[in-house]
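Per chain, numbering begins at 1; letters A, B, ... match sequence-line order. Predicted model, so just to flag it, every value in this text is computed and none were measured.
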There are 2 protein chains.
Amino acid sequence: MNRALVFNQHLRNKGLKNTRQRLIILETFLDSSFHYSTEELYQVLRKDHPRIGYATVHRTLKLFTECGIAVELNFGDGQTRFEPLYSDHHHDHLVCTRCGKIIEFVEPRIEQLQREVAERYDFSVESHRHELYGRCIKCSQPS
Amino acid sequence: MNRALVFNQHLRNKGLKNTRQRLIILETFLDSSFHYSTEELYQVLRKDHPRIGYATVHRTLKLFTECGIAVELNFGDGQTRFEPLYSDHHHDHLVCTRCGKIIEFVEPRIEQLQREVAERYDFSVESHRHELYGRCIKCSQPS
DNA sequence: AACCAACTGAAATTGAGTTTCAAAAACTAG
DNA sequence: CTAGTTTTTGAAACTCAATTTCAGTTGGTT
């Protein structure tokens, strides 16, 4: 999946415009595998593009989510984070509560059990959230 | 586990006082299996106890969390919800995105796989969050 | 080139959560 | 029981991320 293309399609579909700011934000966002919050991405962009406003960053991240090239994540720190989707490959997260490091994991057997649980309750699943919080290896070393 | 007792212990331990408001909030909270947000519990309490303030409800729910008789949950609707803990029995949630219904589920095999995943990344888990979002049986019937 | 709808960025607004503060209530010691 | 001390309460103020507003700007279409 070419994410820039998907984004442009989305703009066209909705009669939106292809602006300089949106391009810059898209590139910066996709070039990183970091899980940015709006504020963090805004700060990064400000270095090279001081004229781009916070509201524009916010609105553009919402557009990314709308067209499926990003997902909103919430790790309970009071900030919504946005993760660029590199593929259709689903994964979940380990979140270090000390250093904030985020590790992605894939475990098909868990996915399968989720389907079983849903069936047990006649529930049709649209999405899920699964995060493990704790200490990454560095942060669990004795200091 | 007697939750009222645990709460009283907690108050004593921290040199806090046993007030009328705290007792009322505790009873109302435990008498329901509902997953209240602060606002919702406040509205319920207001019917019989119009003098109890929002801030008191908020602070009391925080106390419940501190002493372990409640947990904070966040289902992505912008409101923190509080779940009374009836036992030490861990469970996760199915959340209906249409009617808001919350179903609790237990699946030890998922818990086991979580431990395996954590081990794979040398990660020591402190807590986790696992929610499936979709339609409950009523909301997936053709209307 | 002209037009118009969409966009931008600064500032204002929203809303959940939290804190403040003066009056009230709960405990403690006498 | 009473006085004294500390915590609590509730209303209002504040915080902070998220969202909206709006006047001036830009994109892209004719």
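- Residue whose closest nucleotide on DNA chain C sits further toward the 5' end, between A/Tyr42 and A/Leu63: A/Leu63.
- Atom CD in A/Glu40 sits about 15 Å away from atom C1' in D/dA18, given to the nearest Å.
- With B/Gln141 contributing its side chain and B/Ile137 its backbone, the two residues share a donor-acceptor pair below 3.5 Å.
- Using a 30° and 60° split on the angle between ring planes, B/Tyr121 and A/Phe105 fall in the tilted class, from 30° to 60°.
- Of the side-chain N and O atoms in A/His58, one or more sit less than 4.0 angstrom from OP1 or OP2 of D/dT19.
- Atom CG in B/Leu11 sits about 19 Å away from atom P in D/dT6, given to the nearest Å.
- Look at B/Gln21 and you'll find a side-chain N or O under 4.0 angstrom from OP1 or OP2 of D/dG10.
- No side-chain donor-acceptor contact under 3.5 Å links B/His93 and B/Glu131.
- The listed nucleotides are D/dA17, C/dG9, D/dT9; the one nearest the side chain of A/Thr56 is C/dG9.
- At a cut-off of 3.5 angstrom, counting only N and O atoms as typed in the model, there is no donor on one side facing an acceptor on the other between the side-chain of B/Arg12 and the base of D/dT7.
- Rounded to whole angstrom, the span from the CG atom of A/Leu23 across to the C1' atom of C/dT8 amounts to 16 Å.
- For the OP1/OP2 pair of C/dT18 and a distance below 4.0 Å, the side-chain nitrogens and oxygens of B/Tyr54 include no atom meeting the criterion.
- Atom C1' of nucleotide D/dT9 and atom CG of B/Asn18 are separated by 15 Å, given to the nearest angstrom.
- Counting atom types as modelled, B/Arg59 pairs no side-chain N or O with a base atom of C/dG17 as donor and acceptor under 3.5 Å.
- Relative ring orientation between B/Tyr36 and B/Phe29 is described as tilted, the plane-to-plane angle lying within the 30° to 60° band.
- Taking atom CG of A/Asn13 as the reference point, atom P of C/dA6 lies 15 Å away to the nearest angstrom.
- Between B/Arg22 and the phosphate of D/dT8, there is a side-chain N or O to OP1/OP2 separation shorter than 4.0 Å.
- When atom types are taken as modelled, the side chain of B/Thr65 and the backbone of B/Leu61 share a donor-acceptor pair closer than 3.5 angstrom.
- Between B/Lys62 and C/dT18, a side-chain N or O to OP1/OP2 separation shorter than 4.0 Å is present.
- In this structure, A/Arg20 atom CZ and D/dG27 atom P are separated by 8 Å, rounded to whole Å.
- B/Thr80 has no side-chain polar atom (N or O) that falls below the 4.0 Å cut-off from OP1 or OP2 of C/dA16.
- Residue contacts shown for A/Glu39 are absent, as no nucleic acid heavy atom lies under 4.0 Å away.
- Remark on DNA chain C: of its neighbouring residues B/Glu72 and B/Leu16, the 5'-side contact belongs to B/Glu72, judged by nearest-heavy-atom nucleotide.
- Per the geometry, CZ belonging to A/Arg81 stands 12 Å off C1' belonging to D/dA17, to the nearest Å.
- The shortest side-chain heavy-atom distance between B/Leu63 and B/Lys14 does not fall under the 4.5 Å cut-off.
- For C/dA26, neither phosphate oxygen OP1 nor OP2 lies less than 4.0 angstrom from any side-chain nitrogen or oxygen of B/Thr19.
- No hydrogens or angles were tested; on distance alone, nothing pairs the side chain of B/Lys17 with the base of C/dA25 as donor and acceptor under 3.5 Å.
- Atom-to-atom, CZ of B/Arg51 to P of D/dT9 comes out at 13 Å; the value is rounded to the nearest Å.
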